[in-house]
Amino acid sequence: MASIIFAVFISIGLPLTALFYSLYTRRLTAFLLGVLAFVSSQIFLRIPLLEYVSRHSTSFIMLKATEPLLFAIVLGLSAAIFEELARYFAMRFLMKRRDWQAGFLFGAGHGGIEAVLFVGIPAIGLCFSQMELIDSEMYFIGGIERFFAMMLHIGLSIIVLQGVVRKQFRYILYAIVIHALVDALVGILPLYVPNTYVLFVLEVIVAVFALAVFYYSLSIKKKGE
């Protein structure tokens, strides 16, 4: 149960904290646009599209069965393109306030709603479930993963915001490449790393990328850009 509570704290507590902070700093719009960017790109577009081709495209099914490496790259690249372009369009056409805090809260909204939907809500459901908890420690790992994923989304949002402010699309391409690399590795590493270690290796890699991108975002703040 401690693992479930930890997952709830990270996956719901942190997004709620960011929401309250956005209200306090009068940047609620940035936070909500981050939520909108994720929901529109993943829940409404990419995931339904993947479900459709999984049912109706023989080539897609064969790619998954015969070329798992390429399949992981395709999935990672698709997630990056959908999410980073959604970030760009939301910031470019809907977000009027474009300072560092707005970018931070945009990323917190983007990563926060992902954490709520994929970890937080299922974890709350288990708290009130009468079923015996099996492998509940996975929720502890899931909570850690969501923490670093939110950091990654904040860093990527700052990079995309740089592109919007400077009117240089190359920053959006940087964000796509970083995002695609992280997501692709999540699918690639289980093909080559033994099951005993793969989860640990994946979490370390996600954490390294998240910390690096977040550190970059802090350097942007320090420079006042």
Side-chain angles (χ1 to χ4, degrees), residues 3 6-7 10-11 14-15 34 37-39 41-43 45-51 53-54 60-87 107-123 135-160 172-217:
S3 297
F6 175 77
I10 295 295
S11 301
L14 291 185
F38 178 81
V39 172
S41 63
Q42 285 284 11
I43 306 302
L45 293 176
R46 178 176 174 268
I47 292 176
L49 179 61
L50 289 178
E51 290 176 348
V53 296
S54 295
F60 188 80
I61 297 171
M62 290 300 295
L63 179 67
K64 180 178 181 180
T66 61
E67 299 288 346
L69 177 62
L70 181 58
F71 183 76
I73 294 173
V74 168
L75 287 186
L77 187 58
S78 69
I81 291 173
F82 273 80
E83 291 189 50
E84 300 312 321
L85 288 182
R87 260 191 256 265
H110 191 112
I113 191 61
E114 182 183 40
V116 169
L117 293 176
F118 294 156
V119 177
I121 292 177
D135 293 333
S136 61
E137 67 274 6
M138 293 300 293
Y139 276 86
F140 178 78
I141 298 173
I144 294 176
E145 180 187 16
R146 285 302 98 197
F147 174 78
F148 286 114
M150 282 186 272
M151 289 184 65
L152 180 65
H153 281 301
I154 290 169
L156 291 173
S157 295
I158 297 296
I159 292 174
V160 172
I172 290 80
L173 296 179
Y174 296 156
I176 289 174
V177 170
I178 295 169
H179 194 154
L181 183 58
V182 174
D183 280 12
L185 285 173
V186 171
I188 292 171
L189 287 176
L191 302 175
Y192 302 100
V193 178
N195 291 336
T196 307
Y197 308 106
V198 66
L199 193 57
F200 174 77
V201 174
L202 284 173
E203 296 305 324
V204 169
I205 287 178
V206 171
V208 168
F209 272 94
L211 290 170
V213 174
F214 189 75
Y215 177 79
Y216 172 78
S217 74

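Both backbone and side-chain heavy atoms feed into the values below; hydrogens, waters and symmetry mates do not. Along the sequence shown, residues carry numbers from 1. Keep in mind it's a predicted model, so treat the numbers as computed, not measured.
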For the residue pair [X] and [Y], what are the closest heavy atoms and their distance?
X: Gln42; Y: Pro48; result: O-CD, 3.6 Å
X: Leu63; Y: Val74; result: CD2-CG2, 4.3 Å
X: Ile176; Y: Ala80; result: O-CB, 3.3 Å
X: Ser11; Y: Val116; result: O-CG2, 3.2 Å
X: Ala86; Y: Ser41; result: CB-CB, 3.7 Å
X: Ala72; Y: Ile188; result: CB-CG1, 3.7 Å

Flag the pair [X] / [Y] as yes when at least one side-chain heavy-atom distance between them is below 4.5 Å, and no otherwise.
X: Phe147; Y: Leu14; value: yes
X: Val182; Y: Ile205; value: no
X: Phe71; Y: Thr66; value: no
X: Glu83; Y: Leu156; value: no
X: Leu69; Y: Tyr192; value: yes
X: Leu202; Y: Val193; value: no

Practice problem: Please work out whether the ring planes of His153 and His179 are parallel, tilted or perpendicular, with thresholds of 30° and 60°. | Solution: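 Aromatic pair His153/His179 classed perpendicular.
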Quiz item: In terms of ring plane angle, is the pair Phe140 and Phe6 parallel, tilted or perpendicular, where the classes change at 30° and 60°?
Solution: tilted
Practice problem: Answer yes when Arg146 and Glu114 have at least one side-chain N-carboxylate O distance shorter than 4.0 Å, and no when they do not. | Solution: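 Salt bridge flag = yes for Glu114 with Arg146.
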Exercise. Test Leu211 against Phe148 for side-chain contact (heavy atoms from CB on, under 4.5 Å), laying out the working first.
Key: CA-CA 8 Å; Leu211 290 170; Phe148 286 114; 4.2 Å; yes
Quiz prompt | Option from Ile43, Leu50, Leu49 for which side-chain contact (heavy atoms from CB on, under 4.5 Å) with Ile47 holds | solution =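 Exactly one pass, corresponding to Ile43.
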